[in-house]
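In this text, all values refer to a predicted model and were calculated from it rather than measured experimentally. Sequence lines set the chain letters: A, B, ... in the order given, protein chains first and strands last, and positions in each chain run from 1.
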Protein chains: 2
Amino acid sequence: MNAKETPAAPEMGLRERKKLRTMETIRREAYRLFAAQGYEATTVDQIADAAEVSPSTFFRYFPTKEDVVLDDDYDDTLAAALRSRPPGEPVIESLRHGLADSLGRQLEADREDLLLRTRLGFTDPALRARSWDEMQRSQDVVAALICERTGRDPGDLDAHCAAAALIAVSTAVVRYWVEHDGKVDLVPLYDRQFAQLAAGLRL
Amino acid sequence: MNAKETPAAPEMGLRERKKLRTMETIRREAYRLFAAQGYEATTVDQIADAAEVSPSTFFRYFPTKEDVVLDDDYDDTLAAALRSRPPGEPVIESLRHGLADSLGRQLEADREDLLLRTRLGFTDPALRARSWDEMQRSQDVVAALICERTGRDPGDLDAHCAAAALIAVSTAVVRYWVEHDGKVDLVPLYDRQFAQLAAGLRL
DNA sequence: TCCCTCATGGGAGTCTACTGTCATTATCCA
DNA sequence: TGGATAATGACAGTAGACTCCCATGAGGGA
């Protein structure tokens, strides 16, 4: 998921403001096309056309087509959110709050955009690899937190499995949210499913 | 993961035996090259060369390069394994046995091959999308089983979250196995981690 | 205002997955 | 053994991602 671009600080010149605008336009048009036709079916030329730039310019802004859709710092956000929780708290609680916080903020800011991007991540084959990577990274962040708090060494299997379960559940919740067009409230869903996990999945 | 090809039933003619052998050769050489240079870096021409066929022939056997690495029926196997368990059993138990069975069989048959393919699925960016899909399908199979056994409707979030957690844990276990070069015993790891899940991840 | 820098467009070119066609060669069957 | 059938190879061709290069024109500083 993409961090929102810092919107045109006043102290920068026309040149840089134009560059920012161009980048935003390219990204916006790309997402629009991806949503309408799928990622693979959308060519760089189409994106460039829609954004009214040349294909050369597209590649000056984004080294590859995939990069249009990349978000490097989601797990940093998550890590930060987690670190702000009291160290004595059960990990599952920290994560519940951490996710609610970071997602909540994004939801208020960009609801439609978030929904669109998340849906793309689930539905478009070529983008699922990306989502998987993000999931893995989040999982590693959570595993690291667990190890840190409980004094295990970083490769500990228990920690990684717990992290995997937690992240998988939150992903499943988000998937449910996407499949219901964002018309359900995320946070109570999280609460319930995390509680189920803590209770040991009696099924 | 690919099902092992049924190895040349005696009743088929030379033609078909040759076809099977060609297909196996292509796949084997492809995996060898993927392991050595990565998936993206390996071209179809290289695979064809290594398998001593023309590129045309490659595409006659595999519609796309990705298909070389595809396994359509892993989740069928899983579903079958699950269905063979007594319906009264807790789902977590069924899955534990189902996975141990199906994996156990593959382990005895193709240990090295399985390790190689699984590792590729984790490490190669372009193949991770595949792995994700397989995970999702397995997850849906498990979710379906849960719904079936507990009389929920198929979209039920509780069921999907439970399935997600279970599959995520088994994936994490397999990942650990791969990262330790297959030198640890899978089954006891499964047992322990599933037990942790059932106990509610007290961390 | 003048010059410098830098974003841009255009075009030519590469690489690789993938398609389609046709002649050749190997198996199969009567 | 001979004719039908099926597998193959060679070749030409398309499409799309990505690179390189060069001319042009729009900001920006003096």
Side-chain angles (χ1 to χ4, degrees), chain A residues 5 8-31 33-34 36-70 120 124-130, chain B residues 5 8-31 33-34 36-70 120 124-130:
Chain A
E5 305 302 335
E11 69 272 11
M12 47 179 161
L14 178 53
R15 228 170 196 157
E16 306 200 37
R17 263 177 293 144
K18 252 190 166 170
K19 269 177 76 173
L20 251 188
R21 222 176 44 220
T22 307
M23 176 135 137
E24 275 163 14
T25 308
I26 294 177
R27 228 201 288 262
R28 195 182 52 247
E29 294 302 312
Y31 279 132
L33 289 167
F34 292 164
Q37 335 170 331
Y39 173 83
E40 294 259 36
T42 303
T43 73
V44 169
D45 285 17
Q46 288 174 347
I47 301 173
D49 269 3
E52 298 182 298
V53 295
S54 72
S56 326
T57 300
F58 174 93
F59 284 109
R60 277 191 197 98
Y61 282 91
F62 301 97
T64 76
K65 185 177 149 192
E66 263 202 327
D67 282 292
V68 180
V69 94
L70 178 68
L120 271 180
D124 206 299
L127 293 179
R128 283 202 281 261
R130 242 359 146 178
Chain B
E5 305 302 334
E11 69 271 11
M12 47 179 160
L14 178 54
R15 228 173 198 155
E16 306 200 38
R17 263 178 292 144
K18 253 190 166 170
K19 268 177 76 172
L20 251 188
R21 221 175 45 219
T22 307
M23 177 136 136
E24 275 164 14
T25 307
I26 294 177
R27 226 199 292 260
R28 195 182 53 246
E29 293 302 312
Y31 279 133
L33 289 167
F34 292 165
Q37 335 171 331
Y39 174 83
E40 294 259 36
T42 303
T43 74
V44 170
D45 284 17
Q46 288 175 348
I47 302 173
D49 270 4
E52 298 183 297
V53 295
S54 72
S56 326
T57 300
F58 174 94
F59 284 109
R60 279 194 195 94
Y61 282 91
F62 301 97
T64 76
K65 183 177 150 192
E66 263 203 327
D67 282 291
V68 180
V69 94
L70 177 68
L120 270 180
D124 205 298
L127 293 179
R128 284 202 281 260
R130 254 335 161 189

Quiz item: If you measure only the distance, is there a donor-acceptor pair under 3.5 Å linking the side chains of T22(B) and T25(B)?
Solution: no
Practice problem: Could you tell me whether the side chain of F59(B) reaches within less than 4.5 Å of the side chain of V44(B), counting heavy atoms only? | Solution: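 Counting from C-beta outward, V44(B) and F59(B) do come under 4.5 Å.
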Quiz item: So do the side chains of Y39(A) and L120(A) get within less than 4.5 Å of each other, counting heavy atoms only?
Solution: no
Rounded interatomic separation in angstrom, taking [atom1] from [X] and [atom2] from [N]:
X: F62(A); N: dT19(D); atom1: CZ; atom2: C1'; result: 18 Å
X: D45(A); N: dG11(C); atom1: CG; atom2: C1'; result: 13 Å
X: R21(A); N: dT8(C); atom1: CZ; atom2: C1'; result: 15 Å
X: K65(B); N: dT16(C); atom1: NZ; atom2: P; result: 9 Å
X: Q37(A); N: dG16(D); atom1: CD; atom2: C1'; result: 14 Å
X: E66(B); N: dT16(C); atom1: CD; atom2: P; result: 18 Å
X: E40(B); N: dG16(D); atom1: CD; atom2: C1'; result: 14 Å
X: L20(A); N: dG27(D); atom1: CG; atom2: P; result: 16 Å

Quiz prompt | Position toward the 5' end of DNA chain C (nearest nucleotide), T42(B) or E16(B) | solution =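 The answer here is T42(B).
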Self-check item: Parallel, tilted or perpendicular: rings of F34(A) and Y31(A) (30°, 60°)
Solution: perpendicular
Practice problem: Keeping the roles fixed (side chain from Y61(B), backbone from V68(B)), state whether a donor-acceptor pair exists under 3.5 Å. | Solution: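 Judged by distance alone, no pair lies under 3.5 Å.
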Quiz item: Where along nucleotides 2-13 of chain D does protein come under 4.0 Å, by heavy atom, of base (B) or sugar-phosphate alone (S), with - for untouched nucleotides?
Solution: ---BBSBBBB--
Practice problem: Kindly check if the number of other-residue, nucleotide or ligand heavy atoms within 6.0 Å of CD (Q37(A)) is above 12? | Solution: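 Yes - once you tally the heavy atoms of other residues, nucleotides and ligands closer than 6.0 Å, there are more than 12.
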